4 protein chains.
Amino acid sequence: MGEAIQKMPRTERGRRTLRSLLDAAAAEFGEKGFHNASISGITTRAGAALGSFYTYFDSKDAIFRALVRDMSRRVKEHVAPAMAGAPDQLGAERQGLAAFLAFAREHKEIYRIIDEAEFVDPQSYRLHYETTAERIRERLQAAAERGEVRTDVSDIHAWAIMGMNVFLGLRYVVWADEEPSKVAAIASEMISDGLKPR
Amino acid sequence: MGEAIQKMPRTERGRRTLRSLLDAAAAEFGEKGFHNASISGITTRAGAALGSFYTYFDSKDAIFRALVRDMSRRVKEHVAPAMAGAPDQLGAERQGLAAFLAFAREHKEIYRIIDEAEFVDPQSYRLHYETTAERIRERLQAAAERGEVRTDVSDIHAWAIMGMNVFLGLRYVVWADEEPSKVAAIASEMISDGLKPR
Amino acid sequence: MGEAIQKMPRTERGRRTLRSLLDAAAAEFGEKGFHNASISGITTRAGAALGSFYTYFDSKDAIFRALVRDMSRRVKEHVAPAMAGAPDQLGAERQGLAAFLAFAREHKEIYRIIDEAEFVDPQSYRLHYETTAERIRERLQAAAERGEVRTDVSDIHAWAIMGMNVFLGLRYVVWADEEPSKVAAIASEMISDGLKPR
Amino acid sequence: MGEAIQKMPRTERGRRTLRSLLDAAAAEFGEKGFHNASISGITTRAGAALGSFYTYFDSKDAIFRALVRDMSRRVKEHVAPAMAGAPDQLGAERQGLAAFLAFAREHKEIYRIIDEAEFVDPQSYRLHYETTAERIRERLQAAAERGEVRTDVSDIHAWAIMGMNVFLGLRYVVWADEEPSKVAAIASEMISDGLKPR
DNA sequence: CATGAATGAGCATTCATTCAT
DNA sequence: GATGAATGAATGCTCATTCAT
């Protein structure tokens with residue numbers, strides 16, 4: 001299903017080279033942006049030869065796409081467990097936001113990479129936000145069914161919440177490096193009031 | 001006091017050329033993104049010779065910066081009058097959002113241009129959002145003083161609102177081309193509930 | 001006889017503009033070299049409009065040529081009177097060299113301009129040195145006829161003397177800004193010994 | 001210790017490409033001068049692709065600098081052995097001059113290249129002449145200690161001799177293509193008389 | 001004569017991608 | 001698989017020169 005986004009290494013050595021290329025790409029793209037980043041910058045950071053890049057990726061675009069998916073997967077894996085065990089749906093939402101912000105704090109390059117996807121790989125960009133909004137909407141729906149929030153919640157509310165989260169992360173975590181849980185608390189309060197059952 | 005961002009034309013003919021270059025740049029950058037846009041693409045659209053570009057701008061970066069400021073100014077000039085004459089501060093906010101969305105609908109390129117400023121001209125990018133957030137915060141403050149919203153409104157609330165507005169504009173106006181006033185109404189309701197006096 | 005190297009001004013105002021363009025060109029070419037100099041740099045220094053340049057000169061090359069001739073004329077006019085009234089031919093030579101060096105000290109750009117003529121206007125370059133060498137040879141000839149120097153003086157000797165003078169001027173006057181008469185004295189002594197009658 | 005003036009090839013093939021670029025540059029710069037020379041002119045002469053130029057040099061300036069040093073080295077290596085085995089210091093000087101002139105006859109471009117360094121790379125220009133003059137001065141010093149020339153020889157004499165040599169080479173070898181040893185003989189006689197012990 | 005906007009040929013430089021070893 | 005030299009299309013920018021006012 002779908003062409004491979006990168007050629008799969010067959011040896012352990014190859015696996016290590018591939019991983020170091022992805023890490024190097026995250027650093028290079030995060031620091032310079034897609035267009036000012038260079039393949040040679042990536043291979044130098046990875047300690048590999050220029051030509052080795054093409055053993056694993058077909059093009060600069062390909063590694064960028066692979067990186068976006070790699071980071072998406074890692075965020076999800078970081079956020080999901082943090083939401084489990086919350087008393088209610090909105091509590092889970094707050095913990096999820098806090099977990100996302102904490103991840104962004106450790107991986108500030110994620111903002112630049114996702115944002116740049118708008119230009120480099122619009123499909124991934126849309127997919128990323130549509131998937132995220134859809135997950136939020138599903139949780140709002142569940143909350144509505146339990147009477148935690150008003151019943152007319154829609155995708156518009158999901159997008160509004162996502163926009164809030166993204167901008168707060170940009171301003172207070174990426175730029176100002178503030179405490180994620182503090183920001184998450186204020187945001188959650190606004191949301192819960194804005195969506196209170198009526 | 002500050003270097004000119006573009007050389008000022010001294011004749012009427014020059015004024016026309018400068019304007020057509022800015023308009024052409026908005027189209028070119030909006031369509032192709034900064035890096036895939038070319039000076040010659042801009043001058044061709046503007047009906048000017050390649051060299052004429054450099055009569056008014058020092059570089060590709062310079063026209064981009066000028067364009068960001070030009071668009072900021074135009075949005076502001078479009079939104080400000082729409083807010084006048086609202087019964088209350090939150091009503092003004094809703095009309096302002098609707099006006100912004102209407103502007104974005106006519107000038108969809110504004111999203112790509114502002115977003116790309118994060119990479120091309122980070123200073124303008126921050127300035128744009130910080131200025132916008134500050135204006136929102138001032139209006140919230142005024143609303144608080146009149147008892148229209150809770151008294152502890154802060155810049156965090158301003159950034160949350162801005163993030164909401166931006167993402168709703170992206171999703172429902174730029175991508176889906178929906179009716180701005182409808183989107184603005186739902187968003188405003190969320191805000192007013194989330195910020196209700198307590 | 002020969003095409004005009006520059007268009008002749010008919011009014012007093014034009015005469016002033018022409019003169020200021022030549023002076024500005026000397027400064028601009030001396031400071032930046034021919035290729036890095038620009039017409040607009042020249043007109044700006046001269047306080048004239050860009051277009052006015054072409055009222056007096058046909059091209060960048062043309063003003064350079066005009067400048068070389070202008071400076072040649074001025075050196076000659078400065079050096080000639082200094083040689084008059086010397087007791088003998090070699091004394092005249094020394095005084096001439098001192099006068100040339102003094103001129104170069106006041107107009108250091110002359111070196112760069114003449115040297116660059118090798119590339120910009122080879123004809124003027126050759127002409128300049130051939131004329132200068134020829135004048136030296138004629139004076140050596142006269143000195144030989146009076147028994148002041150050996151009788152087999154030739155153009156080789158003239159070129160040797162000229163090379164000496166040029167390099168001493170470059171090293172000690174242009175670069176080190178030393179006293180011209182001191183340098184001229186040592187050079188003259190070497191010459192007179194090297195050319196003593198035998 | 002000092003940045004490399006050109007990137008060092010790691011393979012034999014690279015070594016060949018680098019050499020052919022330097023030779024091509026000598027021809028291109030010698031024929032057209034620095035500013036009218038083009039990188040593509042150099043690579044075409046070298047039989048290499050345009051981009052290959054930048055595998056070895058950072059810029060047009062860089063290859064020019066490398067070329068000046070390359071030629072300096074080659075002249076020195078050509079002249080040094082010619083001076084060995086002369087009966088006395090002045091004899092060595094004459095043989096050295098003859099060797100230099102012979103080299104210039106085979107590599108006429110050396111004049112244009114060194115002369116143009118005054119504008120393109122003033123540091124190399126000064127260095128070239130200061131080094132050359134210093135070598136002459138040292139030999140004069142040695143000659144003075146053996147009583148072959150007057151004892152008050154100084155750097156002024158060295159510069160005078162160098163100026164002579166350079167201009168004679170220009171006039172009689174580069175322009176007129178005459179026999180180097182004949183010119184060297186006349187020049188040496190002048191020098192030896194001018195510097196005779198007293 | 002003066003002015004300054006308009007023109008476009010020309011060129012250095014970058015860098016993703018290919019390929020020989 | 002790894003290496004790094006070779007390739008060449010693409011484009012930002014300069015500036016002498018022209019020309020309308």
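In what follows, chains carry the letters A, B, and so on, assigned in the order in which the sequence lines appear, proteins first and then strands, with residues in each chain numbered from 1. Note that this is a predicted model, so its numbers are computed, not measured.
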Give me the ring orientation class for [X] and [Y]: parallel if the planes are under 30° apart, tilted from 30 to 60°, perpendicular past 60°.
X: A:Phe29; Y: A:Phe34; answer: parallel
X: D:His35; Y: C:His35; answer: parallel
X: D:Phe57; Y: D:Phe53; answer: tilted

- B:Lys32 NZ to F:dA10 C1': how many Å, rounded?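 My rounded result for the distance is 12 Å.
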
- Task: Send over the distance from B:Arg10 CZ to E:dA2 C1', rounded to a whole Å.
- Result: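 So the CZ-C1' distance, B:Arg10 to E:dA2, works out to 14 Å.
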
So, [X] and [Y], do they make that salt bridge, N to O below 4.0 Å?
X: C:Arg45; Y: C:Asp23; result: no
X: D:Asp115; Y: D:Arg112; result: no
X: A:Arg15; Y: A:Glu12; result: yes

- Task: Looking at every strand, decide which applies to D:Phe57 at a 4.0 Å heavy-atom threshold: base, sugar-phosphate, or nothing.
- Result: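 If one applies the 4.0 Å heavy-atom cut-off, D:Phe57 turns out to touch nothing in the nucleic acid.
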
- Got a donor-acceptor contact below 3.5 angstrom from the C:Glu28 side chain to the C:Ser38 backbone?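 Checking the backbone N and O of C:Ser38 against the side chain of C:Glu28, a donor-acceptor pair under 3.5 Å is found.
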
- Query: Looking only at atom types and distance, does a side-chain atom of C:Ser20 sit under 3.5 Å from a main-chain N or O of C:Thr17, one as donor and one as acceptor?
  - Reply: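 A pair under 3.5 Å: yes.
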
- Can you tell which of F:dT7, E:dT7, F:dA5 lies closest to the side chain of D:Thr11?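 The listed nucleotide nearest to D:Thr11's side chain is F:dA5.
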
- Query: Under 4.0 Å between a side-chain N or O of B:Tyr56 and OP1 or OP2 of E:dA5?
  - Reply: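 Answer is no, no contact under 4.0 Å.
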
- Task: Apply side-chain contact (heavy atoms from CB on, under 4.5 Å) to the pair B:Tyr54 and B:Thr43, showing each step before the final yes or no.
- Result: CA-CA 10 Å; B:Tyr54 293 91; B:Thr43 52; over 6 Å; no

- Message: At under 4.0 Å between heavy atoms, how does the protein contact nucleotides 11-21 of chain F? Give one character per nucleotide, 5' to 3', with B, S or -.
- Response: -SBB-SBB---

- Which residues within residues 17-30 of chain C lie with some heavy atom under 4.0 Å of an atom in DNA chain E?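 C:Thr17 - these, ordered by number, are the residues of the stretch whose heavy atoms sit under 4.0 Å from the strand.
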
- Treating a pair as Watson-Crick (purine N1 to pyrimidine N3 plus N6-O4 or O6-N4) or G-U wobble (N1-O2 and O6-N3) with both distances under 3.5 Å, list the stems of 3 or more consecutive pairs that involve DNA chain E.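 Result, WC/G-U stems under 3.5 Å: E:2-21 with F:2-21.
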
- Message: Is the shortest side-chain heavy-atom distance between B:Phe64 and B:Val68 below 4.5 Å?
- Response: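 Yes, close enough: below the 4.5 Å cut-off.
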
- Item | Where C:His128 and C:Ser72 come nearest, the two heavy atoms and their spacing |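 Result for this residue pair: ND1-OG, 3.4 Å.
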
